[in-house]
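Single-structure report; data block below.
If you read the sequence from its start, that first residue is 1, and numbering goes on from there.
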Amino acid sequence: MSSSPRFLRIAVVLGLLSAIGPFAIDMYLPALPAIGHQLGTDFGTAQLSLTVFFISIGIGQLLYGPVSDMVGRRPPMFFGMTLFALASVGCALATDIHTLIVLRFVQGLGAAAGMAIPRAVVRDLHTGPDAARLMSLLMLVFSVSPILAPLAGSGVIAAAGWRAVFWAIAVAAVAGLALLAFSLEETRPPSARVESSLGSALRAYGRLLLDAHFLGLVFIGGFAMMGFFIYLSTSSFVMIGHYGLTPTQYSIAFGVNAAAFFGAAQLNGRLSARFGLVPLVRVGVLGASVAISLMLAHYLTGGDSLAVLIGLYFVASAFMGLVIPTTAVLALENHGAIAGTAAALLGTLQMLGGAVGMAVVSLFNDGRPLPMVLGMAAGLYLSLTLTLVTLGVRGRRLPSRPDCLT
């Protein structure tokens, strides 16, 4: 089943739809210094246009998840992609940083559909190692964004300025609408929607928020992602401003680390089938924590090497590729009847956690590496602590609850 043409087609379609929102992040990264300069604002305010995007993606998923359980997966995806396209045009036309920030918030509300709903589709179709395999294939396609988008962004900026980035993102959104219309069938049949309503969604959210095992898995992945979000929002200032890389060189460095993450993620299906999902998470979190500890020690002892930053984060990224998709599969495993709601809450909590991490680090961002590295390390240490609490060291773990809407 996992090698069938349909399986691969679904992975490609879901991966591309999921990548449209992150494309609006990654293609935008090389433009941050130029936007700050042209719109006459400082590092922190320029970063705010990125932070609000994460906040709105988080909030939006809370709405799209239950709606997709009630009306099916396709209608809210159409709405979100349309809103995203219109907001992208508005960003391209913005004349001041405050307007840009507001439109980035609206753009994030549209992008939220592509973040929450594809995970629910995976759970509609599969569980266990097959779900891990599909999630990893989805993320392989998704990886086109952090690997190619910064390079594409730097090329577009060099040729036509930062506003052209948003025109390109709007075109990508229109392409996503076409892909959704012609290549993805509905995976939530009417018979599965009978028990779904606003009241059941609220009860489901309440139940999930009381499920310690679900929350533990969400935040194991979420705190690991927080480190990545901090790197994402700060690395352009560090590598371009501090180390003197050109936007193109920065894009290559960023893409190399992203390739480590998504390359390692492709091992998840095979490794989870052989060793189990839980041991995979434990090893991944521990490995990433060791790599980031070595990086932190380097900077705390007075080091300032770009090679150390890129090399050790390459290792940490590879280990996180084992953690983040696997914790998502584990978190949704027992919640098939409310997969959209559970996927939405997962995405919301992780995005908001990342936004908080970015906001805190932005307060201390002076363009040097240490504040960024401290933030990344804090995220992984929290993830490691939760792994020990939620999954234990050798098989003991917090109990989870079965599906229940009441």
Might you point out which heavy atoms bring V361 and G375 nearest each other, and give the distance in Å?
CG2-CA, 4.0 Å
So with a 6.0 Å cut-off around CZ of F79, is the heavy-atom count from everything else above 12?
no
Would you say the side-chain atoms of R282 pair up with the backbone N or O of L391, donor to acceptor, closer than 3.5 Å?
yes
If you define the side chain from C-beta out and look only at heavy atoms, does anything of I157 sit under 4.5 Å from V165?
yes
Counting heavy atoms not belonging to R163, are there more than 12 under 6.0 Å from its CZ?
yes
Donor-acceptor pair, T99 side chain versus T95 backbone, under 3.5 Å?
no
When you measure from the side chain of S56 to the backbone of F105, do you find a donor-acceptor pair of N or O atoms at a distance under 3.5 Å?
yes
Closest heavy-atom contact between A318 and A264?
O-CB, 3.0 Å
Side-chain contact, heavy-atom cut-off 4.5 Å: L345 with V218?
no
Return the SG to CG distance between C91 and L100, rounded to the nearest 0.5 Å.
5.5 Å
Side-chain heavy-atom pair L309, M239 within 4.5 angstrom cut-off
yes
Return the OG to CG distance between S289 and L294, rounded to the nearest 0.5 Å.
11.0 Å
Close side-chain approach of T390 to I220, heavy-atom, < 4.5 Å:
yes
Measuring from L277:CG to L330:CG, what's the distance to the nearest 0.5 Å?
4.5 Å
Short question: side chain of Y231, backbone of V373 - any donor-acceptor pair under 3.5 Å?
no
Sequence neighbours excluded, which residues qualify as ring-ring contact (aromatic ring centres under 6.0 Å, His included) partners of F53?
none
M320 CE to M376 CE distance, which is reported to the nearest 0.5 Å
7.0 Å
Contact between I57 and L109 at the side-chain level, heavy atoms closer than 4.5 Å - yes or no?
no
Does Y299 use its side chain to pair, donor to acceptor, with the backbone of L374 at less than 3.5 Å?
no
Would a 4.5 Å heavy-atom cut-off, applied to side chains only, mark F223 and L384 as touching?
no
Yes or no on side-chain contact (heavy atoms from CB on, under 4.5 Å) for L103 and F166, after CA distance, side-chain angles and deciding distance?
CA-CA 11 Å; L103 288 168; F166 290 107; over 6 Å; no
After noting the C-alpha distance and the side-chain angles of V106 and L83, does the key distance pass the side-chain contact (heavy atoms from CB on, under 4.5 Å) rule?
CA-CA 8 Å; V106 176; L83 182 63; 3.8 Å; yes
Determine whether I292 and Y381 satisfy the following criterion, side-chain contact (heavy atoms from CB on, under 4.5 Å), listing intermediate values before the conclusion.
CA-CA 9 Å; I292 213 73; Y381 294 156; 4.3 Å; yes
Minimum heavy-atom distance between P118 and M77, given as atom pair plus value
CD-SD, 4.5 Å
Separation of I55 CD1 from L48 CG (nearest 0.5 Å):
7.5 Å
Contact between L349 and F219 at the side-chain level, heavy atoms closer than 4.5 Å - yes or no?
yes
Ignoring hydrogens, what is the shortest heavy-atom contact between Y243 and P369? Give both atom names and the distance.
OH-CG, 3.5 Å
Establish, from distance only, whether the side-chain atoms of S235 and Y313 form a donor-acceptor pair under 3.5 Å.
no
CD of Q249 to CD1 of I240: how many Å apart, nearest 0.5 Å?
9.5 Å
Does one side chain, of S88 or Q107, offer a donor that lies under 3.5 Å from an acceptor on the other?
yes
Side-chain H-bond candidate by donor/acceptor type, R73 with S68, under 3.5 Å:
yes
Are any side-chain N or O atoms of R104 and backbone N or O atoms of V52, one a donor and one an acceptor, separated by less than 3.5 Å?
no
With a 4.5 Å heavy-atom cut-off, do P76 and V71 have their side chains touching?
yes
Search all heavy atoms of G216 against all heavy atoms of L386 and return the closest pair with its distance.
O-CD1, 4.3 Å
Heavy atoms only: give me the nearest A181-F78 pair and the separation to one decimal.
CA-CZ, 3.7 Å
Let's go through V315 and F319 carefully: what are the C-alpha distance in whole Å and the side-chain angles of both, what is the deciding distance for side-chain contact (heavy atoms from CB on, under 4.5 Å) to 0.1 Å, and is it a yes or a no?
CA-CA 7 Å; V315 176; F319 279 111; 3.8 Å; yes
Residues two or more places apart in sequence or in another chain: which of them pass ring-ring contact (aromatic ring centres under 6.0 Å, His included) with F229?
F54
Determine whether a donor-acceptor pair (N or O, by modelled atom type, separation under 3.5 Å) exists between the side chain of H242 and the backbone of F237.
no
